[in-house]
2 protein chains.
Amino acid sequence: MELDDRKRKILLAIIQNYQDTGEPVGSRTISKMDDLNYSPATIRNEMADLEEMGLIVQPHTSAGRVPTDKGYRLYVDHLLTSDETALATNGAQHPATHMEQLLSKRMDRVEEMLMRMAQVLAANTQYTTMVTGPHYKQNKLKFIQLSAMGGGKILAVIVLNGNIVKNNILDIGADVDQETLSRLNFSLNNNLNGLSVEEINLPLITKVKEEAGEYADVAMRILDAVAGAFDKEDSMPVYTSGATNIFKYPELADNEKISNLIDVLEEKKELGTALGVVSPDGSKQDIQVYIGDEVPVESMKDCSVVTATYQMGEGVQGKIGIIGPRRMDYQKVVETLKATMSQLDGIFKKPEE
Amino acid sequence: MELDDRKRKILLAIIQNYQDTGEPVGSRTISKMDDLNYSPATIRNEMADLEEMGLIVQPHTSAGRVPTDKGYRLYVDHLLTSDETALATNGAQHPATHMEQLLSKRMDRVEEMLMRMAQVLAANTQYTTMVTGPHYKQNKLKFIQLSAMGGGKILAVIVLNGNIVKNNILDIGADVDQETLSRLNFSLNNNLNGLSVEEINLPLITKVKEEAGEYADVAMRILDAVAGAFDKEDSMPVYTSGATNIFKYPELADNEKISNLIDVLEEKKELGTALGVVSPDGSKQDIQVYIGDEVPVESMKDCSVVTATYQMGEGVQGKIGIIGPRRMDYQKVVETLKATMSQLDGIFKKPEE
DNA sequence: TGTTAGCACTCAAACGCATAGAGTGCTAAC
DNA sequence: GTTAGCACTCTATGCGTTTGAGTGCTAACA
């Protein structure tokens with residue numbers, strides 16, 4: 001069966017009407033539209049065809065039609081490939097402007113900015129937003145700074161490129177005198193600075209341990225801490241906002257479903273999965289749309305998820321995801337994300353020279 | 001009207017039965033209990049009295065009775081003053097043991113431990129838990145460590161007593177040579193270490209600025225960062241867990257109420273209010289129970305909140321709160337909190353000598 | 001004087017049933 | 001190819017009835 005222009009128009013009309021109302025849409029509603037001036041019967045014939053093609057379904061006999069995942073997929077693919085979204089981006093200017101104000105405030109901490117960003121996106125889209133902190137797998141060690149804390153403790157501050165700072169308090173039992181600490185600190189920086197975690201290999205580790213002499217244990221503890229700083233799990237906090245927006249969509253208003261969904265959002269367990277793997281090639285404007293069953297997290301299979309990858313320079317990147325009902329306004333969400341991404345691109349590039 | 005022993009027993013029976021079932025409890029149910037071997041009619045007379053005293057109500061005529069806030073208040077006050085809870089604490093040993101395992105793992109970061117603690121408490125009690133990070137108002141500066149980061153940036157690591165570490169990246173425009181930085185660092189530590197934020201007064205600030213010479217601006221920026229490290233808002237993250245437990249209690253199953261509640265929990269706005277002011281005297285086992293309307297947060301007025309203060313040594317303290325339905329098992333919650341508090345006391349005291 | 005049996009009464013929740021209405025598929029005519 | 005007409009389906013809504021739990025009151029009993 002061919003998907004001719006009229007069928008496409010009708011599908012679009014169904015999707016848009018369903019987006020607004022959340023109710024199955026009937027043939028009469030469509031036939032009343034300006035650019036589809038046919039009788040309900042005609043529309044019905046077309047609808048029957050669309051149903052046969054698997055693009056729409058009726059929840060029950062004598063109900064209107066609702067788009068299927070496949071129908072949405074068609075729509076979304078069209079949306080992502082066309083230039084319309086790029087042109088229509090002025091519609092999303094409002095949130096973008098707000099975002100600029102937000103980002104122009106002094107924000108030493110990336111984390112706080114990301115949290116705020118999640119909030120703004122949730123408020124703008126009326127959907128639930130999740131944002132992962134930046135992901136440093138490809139990152140390199142900038143330097144290490146050791147300080148004695150007294151009480152047999154050492155503070156090891158580990159700084160990675162992209163100005164990622166991690167603190168580790170190491171309890172090594174006995175105090176170390178300042179000179180030894182400086183020597184150890186120098187050795188570590190001398191051997192390891194500028195390296196990625198993969199480049200810190202056994203020969204290097206052995207060398208550091210040798211140079212540390214009787215403090216080989218301490219050096220080892222610090223190396224563990226360095227590995228920890230690069231660690232994915234640890235460096236992937238996820239911020240969410242607008243979880244309660246899902247209450248706005250009656251089709252999700254099943255207490256068990258909502259409960260499961262909020263549980264995932266609160267405990268932040270599977271959100272990494274939901275946001276998908278960060279693409280290693282770092283291709284620009286990498287926007288992904290998961291519709292219904294396509295979402296890789298069980299408790300989100302009644303929703304759709306749109307994700308985008310943001311770049312923080314130096315190969316550091318993270319993900320933003322927007323969770324909404326299947327009938328989410330994909331156009332608006334994609335536009336908003338695109339606008340946000342380009343905003344972020346501009347902002348993150350500046351401070352890094 | 002006198003609250004004699006039999007009335008008290010009946011009130012207790014109503015509270016306990018309502019706790020289990022969530023349904024209003026009738027006279028027949030009570031009369032079937034072993035230690036209240038009276039006819040339903042007798043019980044009804046007593047119930048009428050209890051109602052007159054404002055301790056119980058009927059949701060409507062021909063329904064059983066439900067405890068009022070006042071009824072719960074009586075019960076809870078009795079609970080908190082009696083020795084029963086202390087004796088019955090072995091009932092709460094299970095969670096306590098679990099907690100010990102949890103805390104014995106290496107946990108450099110207090111934050112992670114608090115998060116886990118919230119999770120364990122939520123799982124044990126089946127209620128929602130919130131935990132504030134420690135509160136450092138009375139805290140003192142341990143030391144400052146400055147490092148050059150290149151690109152006109154300085155990393156200022158600020159360490160407070162209690163091993164609280166704060167990172168600040170300061171963009172000062174131009175790079176500072178290592179020697180100047182060391183001198184500045186020495187001056188700061190020399191003048192400020194061991195002081196509380198109140199003790200860092202204008203003469204001291206002037207002195208630091210003088211010593212910094214042409215880098216007075218930078219010194220000022222660092223002092224701002226120090227003030228920020230002491231700042232209450234900043235150092236008060238709140239962790240929540242088990243938000244979805246509220247779905248378990250049908251009396252809260254109003255979508256709007258749930259939505260409001262979860263919103264507060266997710267955005268973590270009013271949770272400080274809900275947890276109440278940290279008592280300055282730091283009295284031991286400071287357990288507070290807010291019942292229904294007593295809760296100072298609007299969206300929690302259909303719930304009860306039990307809070308406890310934990311001590312982290314050196315005057316640093318934080319709060320734990322448990323949110324549940326009015327018919328919460330106060331006894332279990334109070335016991336669990338008491339047990340957790342004493343566990344924490346033990347653990348936090350050890351590492352600080 | 002406290003306790004109990006009996007009884008009429010109330011009210012929310014559950015149930016059954018009829019109705020309305022939205023929407024369809026099919027057929028036949030234009 | 002399009003449309004009017006019609007019978008049909010199924011959900012949602014409303015309404016009256018029934019059920020059952022629980023009460024308050026009164027009168028009798030110990």
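Convention: sequence-line order gives letters A, B, ...; per-chain numbering from 1.
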Specify the separation, in whole Å, of atom [atom1] of [X] and atom [atom2] of [N].
| X | N | atom1 | atom2 | value |
| --- | --- | --- | --- | --- |
| A/Glu51 | C/dG25 | CD | P | 7 Å |
| B/Glu23 | D/dG22 | CD | C1' | 13 Å |
| A/Glu46 | D/dT2 | CD | C1' | 11 Å |
| A/Arg44 | D/dT3 | CZ | P | 12 Å |
| A/Leu36 | D/dT3 | CG | P | 12 Å |
| A/Tyr38 | D/dG1 | OH | C1' | 10 Å |
| A/Met47 | C/dG23 | CE | P | 9 Å |
| B/Ile30 | D/dA21 | CD1 | C1' | 15 Å |

Residue B/Ala41, side-chain heavy atoms: nucleotide from C/dT4, C/dC26, D/dT23 that is nearest: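 The nucleotide sitting nearest to the side chain is C/dT4.
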
For the side chain of A/Gln58, counting heavy atoms from C-beta on, which of D/dT11, D/dG22, C/dG25 is nearest?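 For A/Gln58, the side-chain atoms sit closest to C/dG25.
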
Does [N] have OP1 or OP2 sitting under 4.0 Å from an N or O in the side chain of [X]?
| X | N | result |
| --- | --- | --- |
| B/Arg65 | D/dA21 | no |
| B/Ser39 | C/dT4 | yes |
| A/Thr42 | D/dT3 | yes |

Please say whether the positively charged group of B/Arg326, taken as NZ for Lys or CZ for Arg, lies over the ring of B/Tyr249, i.e. under 6.0 angstrom from the six-membered ring centre and within 45 degrees of the axis.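 Relative to the ring axis of B/Tyr249, which defines the angle, B/Arg326 lies outside at least one limit.
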
Would A/Arg8 pass as a cation-pi partner of A/Tyr75, given that its NZ or CZ must be under 6.0 Å from the six-membered ring centre and within 45 degrees of the axis?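 No - A/Arg8 does not lie over the ring of A/Tyr75 by the 6.0 Å and 45° rule.
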
On a heavy-atom basis, which atom in B/Val25 and which in B/Met47 lie closest, and how many Å separate them?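 So the minimum-distance heavy-atom pair works out to O-CE, 3.6 Å.
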
For C/dT27, give its Watson-Crick or G-U wobble partner with both distances under 3.5 Å, or none.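 Partner of C/dT27: D/dA4.
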
Could you please name the partner base of C/dT19, counting Watson-Crick and G-U wobble pairs only when both distances are under 3.5 Å?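 By the stated definition (distances under 3.5 Å), D/dA12 pairs with C/dT19.
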
CG/B/Leu3 to CG/B/Leu11 distance, rounded to the nearest 0.5 angstrom?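 Spacing of CG (B/Leu3) from CG (B/Leu11) equals 7.0 Å.
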
Rounded at 0.5 Å granularity, tell me how far CD in B/Gln126 sits from NZ in B/Lys332.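 Result: 6.5 Å between the selected atoms.
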
Tell me if the side-chain of B/Thr61 makes a donor-acceptor pair with the base of C/dT10, cut-off 3.5 Å, by modelled atom types.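 Answer is no: no donor-acceptor pair is held.
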
If you assign each of A/Gly64 and A/Asn45 to its closest nucleotide in DNA chain C, which residue comes earlier from the 5' end?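 Closer to the 5' end of DNA chain C: A/Gly64.
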
Could you check B/Pro24 against A/Arg6 and say which one's nearest nucleotide on DNA chain D is further toward the 5' end?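 Taking each residue's closest nucleotide, the earlier one in sequence belongs to A/Arg6.
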
